[in-house]
Enquirer: 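I'd like to ask some things about the structure below.
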Amino acid sequence: MNLLDIFLELLIVVIAVVSLVANLLVLLCFTCSAQVRAQVPGIFIMNLSFCNILISVLNMPSTLLGVAKHQKPFGDHFCYTVSFMDTFLTTNTMLSMAALSIDRWIAVVFPLTYPSKMRLKNAALMVSYAWLHSLAFSLTALLLSWVGYSPAYASCTVHLTEDAEGRGRFAVFTAVFHACTFALSLFVLCFAYLKVLQVARFHCKRIDVITVQTLLLLVDIHPRLTELAPSVKIDRYWGIVSKCLVYSKAASDPFVYSLLRQQYKKALFGICNRILGRNLYTLSGHSSPSDMENECYSQRVNKLMEDNCH
């Protein structure tokens, strides 16, 4: 085993640990904070974190074993399952990002009608569509036997078959899949955030986060796109690095979409205080009731813009 293999293994382990811990913290905030649960974006963030946790505990260890063993880590049925989940989960996360951008667009551009346009019921319908959309493409790849172990990525994933007839059908599948998933999500993100920028550019201090969220989507472009050309062969290390980039999104999402936002910080602070047996208000200072009322009023006034800036 050379140093590059060792480095890639350590990289996958670090990404998996950070992703698992960060996304579990997001779910903990959702479970323990009534304020987070009451917000519509919390539904999308919970779905995003749930998918990232599954990627961390299922797909990342499989790739780690593939890098270490230089072969399929387990049997065919396990590999088919991991390949199916790889397509399903990555598709679901992209659509969850698009749903979050739509929510923020409506919140900033149409603040007066936001409560009627984005209800919890509507959010549940959007998440249901994301699951059905992801399931359709995952099942298609599975039924057409386009799943299995790929040495180029050291992973169980969707990959190109060798026969000429299969290559043509796989090209059509890849084009439709990326048009309906990646391209659609990218268009929604760009459209929604451009509208948000037009309204919020004079109010937001962290508007660069919007750019980060859009860039995170770009790592989901899979180099299997280049495999559609018969003369192109993906280098093993390049394939593994591209897989690590996709996995890094699962570790970054919790910070970009939730843990750096004020209500999640407050929820984590409250959880820590419950564990330590301390009082939240005692730690933050002995504030009078009038001071607390003024603070709450100020937070309500600024909450909409703060949330969308973060």
Enquirer: Could you list the residues that satisfy side chain to side chain contact (heavy atoms under 4.5 Å, CB included) with T140, not counting sequence neighbours?
Expert: L144, F173

Enquirer: Side-chain contact test, heavy atoms from C-beta onward, threshold under 4.5 Å: evaluate it for L25 versus P254 and give yes or no.
Expert: no

Enquirer: Can you tell me how far OG of S101 sits from CZ of F187, rounded to the nearest 0.5 angstrom?
Expert: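 The CZ atom of F187 sits 10.5 Å away from the OG atom of S101.
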
Enquirer: Kindly write out the residues that satisfy side chain to side chain contact (heavy atoms under 4.5 Å, CB included) with M126, not counting sequence neighbours, or none if the list is empty.
Expert: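 Checked M126 against side chain to side chain contact (heavy atoms under 4.5 Å, CB included); matches are F44, A99, I102, M118.
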
Enquirer: Is there a path of hydrophobic side-chain contacts, each under 4.5 Å between heavy atoms, that joins I45 and L125?
Expert: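 Different clusters.
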
Enquirer: Anything under 30° is parallel, anything over 60° is perpendicular, the rest tilted; go ahead and classify H133 against F137.
Expert: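 Ring orientation, 0 to 90° scale: tilted.
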
Enquirer: By salt bridge (Lys or Arg N to Asp or Glu O under 4.0 Å), which residues pair with R236, not counting sequence neighbours?
Expert: D5

Enquirer: I'd like to check the ring pair (Phe, Tyr, Trp, His ring centres under 6.0 Å) partners of Y237; sequence neighbours left out, ordered by chain and number.
Expert: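 Once residues adjacent in sequence are excluded, Y237 has no partner under the ring pair (Phe, Tyr, Trp, His ring centres under 6.0 Å) criterion.
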
Enquirer: Quick check: do V147 and T157 have side-chain heavy atoms less than 4.5 Å from each other?
Expert: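 Of all side-chain heavy-atom pairs linking T157 with V147, none is under 4.5 Å.
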
Enquirer: How would you list, by chain and number, every residue that makes a side chain to side chain contact (heavy atoms under 4.5 Å, CB included) with T63, sequence neighbours excluded?
Expert: I12, V67, S155, K243, Y247

Enquirer: Please collect all disulfide bond (SG atoms under 2.5 Å apart) contacts where either partner lies in residues 88-122, sequence neighbours excluded, each pair once.
Expert: none

Enquirer: Name all residues meeting the side chain to side chain donor-acceptor pair (under 3.5 Å) criterion together with S33; count only those two or more places apart in sequence or in a different chain, and write none if there are none.
Expert: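 Counting only residues at least two positions away or on another chain, S33 forms no side chain to side chain donor-acceptor pair (under 3.5 Å).
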
Enquirer: Can you run down the side chain to side chain donor-acceptor pair (under 3.5 Å) pairs that involve residues 115-124, sequence neighbours left out, and say none if there aren't any?
Expert: none

Enquirer: If you round to the nearest 0.5 Å, how far is OG1 of T81 from CG of L142?
Expert: 8.0 Å

Enquirer: Checking N92 now: which residues fulfil side chain to side chain donor-acceptor pair (under 3.5 Å) with it, not counting sequence neighbours?
Expert: N47

Enquirer: Check side chain to side chain contact (heavy atoms under 4.5 Å, CB included) between L11 and all other residues, then give those that pass, not counting sequence neighbours.
Expert: F7, I15, C244

Enquirer: Is it the case that one hydrophobic cluster holds both Y129 and L139, taking links as side-chain heavy atoms less than 4.5 Å apart, direct or via other members?
Expert: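 No: no chain of side-chain contacts under 4.5 Å links Y129 to L139.
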
Enquirer: Hey, is the main chain of A16 close enough, under 3.5 Å, to the side chain of S19 for a donor-acceptor pair?
Expert: no

Enquirer: Do V241 and L8 make a side-chain contact, defined as non-hydrogen atoms from C-beta onward lying under 4.5 Å apart?
Expert: yes

Enquirer: Sequence neighbours left out, what passes disulfide bond (SG atoms under 2.5 Å apart) with C79? Give chain and number order.
Expert: C156

Enquirer: Keeping to residues at least two apart or across chains, list the ring-ring contact (aromatic ring centres under 6.0 Å, His included) pairs with something in residues 75-103.
Expert: F74-F78, F88-W131

Enquirer: Is the closest side-chain heavy-atom distance between E9 and V13 below 4.5 Å?
Expert: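 A side-chain contact is absent here, since even the closest heavy-atom pair is not under 4.5 Å.
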
Enquirer: Any link between I43 and L95 through a network of hydrophobic side chains (Ile, Leu, Val, Met, Phe, Trp, Tyr) touching at under 4.5 Å?
Expert: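 I43 does not cluster with L95.
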
Enquirer: Answer yes or no: is there a side-chain heavy-atom contact under 4.5 Å between F177 and F182?
Expert: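 They are not in contact (no side-chain heavy atoms under 4.5 Å apart), so the answer is no.
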
Enquirer: When you compare the side chain of N23 with that of F50, does any pair of heavy atoms fall below 4.5 Å?
Expert: no

Enquirer: If Ile, Leu, Val, Met, Phe, Trp and Tyr residues are connected whenever their side-chain heavy atoms lie under 4.5 Å apart, and connections chain through other members, are I55 and Y149 in the same group?
Expert: no

Enquirer: Find the distance between CG (L186) and CE (M97) and round it off to the nearest 0.5 Å.
Expert: 9.5 Å

Enquirer: Do R104 and Y193 touch side chain to side chain, with heavy atoms closer than 4.5 Å?
Expert: yes

